[in-house]
Amino acid sequence: MIDIKSMTQEQLASFLREMGEPAFRGKQVFTWLHRGVTSFDEMSNLPKALRQKLAESCRITAPTVARKQISALDGTVKYLWRLWDGNCIETVLMRYHHGNTVCISSQVGCRMGCAFCASTIAGKVRDLAPSEMLDQVLFTQLDAGVEISNIVLMGIGEPLDNFDNVLAFLDLVNHPDGLNIGMRHISLSTCGIVPGIDALADLRLQLTLSVSLHAPDSETRSRIMPVNRAYDVEQLFAACHRYFQKTGRRISFEYAMIDGVNDHDWQADLIAQRIRGMPGHVNLIPLNDVVESPFKPSRRLAAFQKRLESHGVTATVRRSLGGDIDASCGQLRRKAMEEKEGAHEDLGNH
Ligand code: SAH
């Protein structure tokens, strides 16, 4: 079956033209799909014969809510979606004063192996299709009854390890006949895949690039992030500087503070030294306790922030949302997997 929602409007138009349909059908079908219809029968301005023909060859992806948690503290909503093949992924809806933001997943699982992260423990199962990334925005919007204005690709998975599908998704979500969410309202977070950062720079998109830094020295970074053994800190910062040169866009560096591992003053000094020459911004994140991880949250956030600022580096401490609902990524899927494993069933691998 063809995954019709992953097609661009141009691809749809030529697909329908080959079926003998007029050119305007592409826009019609695209508009319906991006409103979140789940069957061709709902496309009321299409001839019945065409609807039937499409239903025979195409699948309209539509995840179902496997679990949903709503934070009593701040209204953050966490969804565990079940996909067409039984795999599950997470999406988080966060309500900020500047608008509603969804944090979406880009893969089922992750193969990057960061030592502190719950999403990677069971490895990667598969990439998400463009439609499946779009669906997270679309169906969160429909389920929660709110308009979404911002997207962050910071859920489960490594977006630059699923480069083509992520770019196709950006194209879809950006389209004026679809959700029409501007690139300046989208952030993409990477653990530091250097060729991906360079490829992205060449496209000169207006999105915000976030780099999960977590350590400015290769010894520490290789210990907690295996990707550093392929692309070390020097190579990573060289790519970040190239990215800024090409796009003119400020990079945001994510930094989860781990007790006794990456929270020393000399590491703040080294971050400042490496960022010099571009307008970087460091986002200090209180480490989320992951049951399977040996790392503990640092108590030096304020001191570290001060140290960075003393070098003229902008540093903020991320406000934690949804603390009562396991809102950090990968944790809900993990929990569901464990419960299923306990019941000798198979979830996540079909
Ligand atoms: N693969 C991408 C995007 C997904 S992770 C990336 O690595 O950037 C989203 C962010 O959450 C990353 O910055 C990641 O390093 C961070 N993260 C993962 N586990 C965490 C934890 N236990 N506490 C705090 N941040 C965590």
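Each ligand, and each atom within it, is numbered from 1 in the order the structure gives. Counting from 1, the numbers follow the sequence of the chain as shown. Keep in mind that this is a model prediction, so the values were computed, not measured.
- Residue contact check: G157 has heavy atoms under 4.0 Å from atoms 1 (N), 2 (C), 3 (C), 4 (C) of ligand 1.
- Annotation for N165 and L128: closest pair ND2-O, 3.1 Å, computed over non-hydrogen atoms.
- Short contacts between ligand 1 and C117, defined as distances under 4.0 Å to a heavy atom of the residue, involve ligand atoms 18 (C), 19 (N).
- Heavy-atom contacts of V290 reach the following atoms of ligand 1: 22 (N) (cutoff under 4.0 Å).
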Go through F116 and H214 one step at a time and tell me if the ring-ring contact (aromatic ring centres under 6.0 Å, His included) criterion holds.
CA-CA 10 Å; F116 45 81; H214 305 318; 4.9 Å; yes
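- Side-chain atoms of D269 and H311 form a donor-acceptor pair, as typed in the model, at a separation below 3.5 Å.
- Although no hydrogens or angles enter the test, the distance criterion places a donor-acceptor pair under 3.5 Å between the side chain of R95 and the main chain of G75.
- Under the 30°/60° scheme for interplanar angles, the aromatic rings of H241 and F237 are found to be tilted.
- Residue contacts with ligand 1 for T190 involve N, CA, C or O but no side-chain atom from C-beta outward (heavy atoms, distance under 4.0 Å).
- Applying the 4.0 Å criterion to heavy atoms of C191 picks out, from ligand 1, the atoms 6 (C), 7 (O), 8 (O).
- Within the 4.0 Å heavy-atom criterion, the part of E254 lying near ligand 1 is the side chain and not the backbone.
- At least one heavy atom of G155 sits under 4.0 Å from some atom of ligand 1.
- Note: no N/O pair closer than 3.5 Å links A118 and ligand 1 by distance alone.
- Ring geometry for F139 versus W81: interplanar angle over 60°, hence perpendicular rather than tilted (30 to 60°).
- The parts of N288 lying near ligand 1 are both backbone and side chain, judged by heavy-atom distances below 4.0 Å.
- Contact annotation: for H214 versus ligand 1, heavy atoms closer than 4.0 Å belong to the side chain alone.
- Note on R51 versus E56: no salt bridge recorded, every NZ/NE/NH1/NH2 to OD/OE distance being 4.0 Å or above.
- Evaluated by nearest non-hydrogen atom to atom 25 (N) of ligand 1, the leading choice among S106, A256, C110 is A256.
- Side-chain polar atoms of D143 and T140 form no donor-acceptor pair below 3.5 angstrom.
- For the pair M154 and ligand 1, a heavy-atom separation below 4.0 Å is found.
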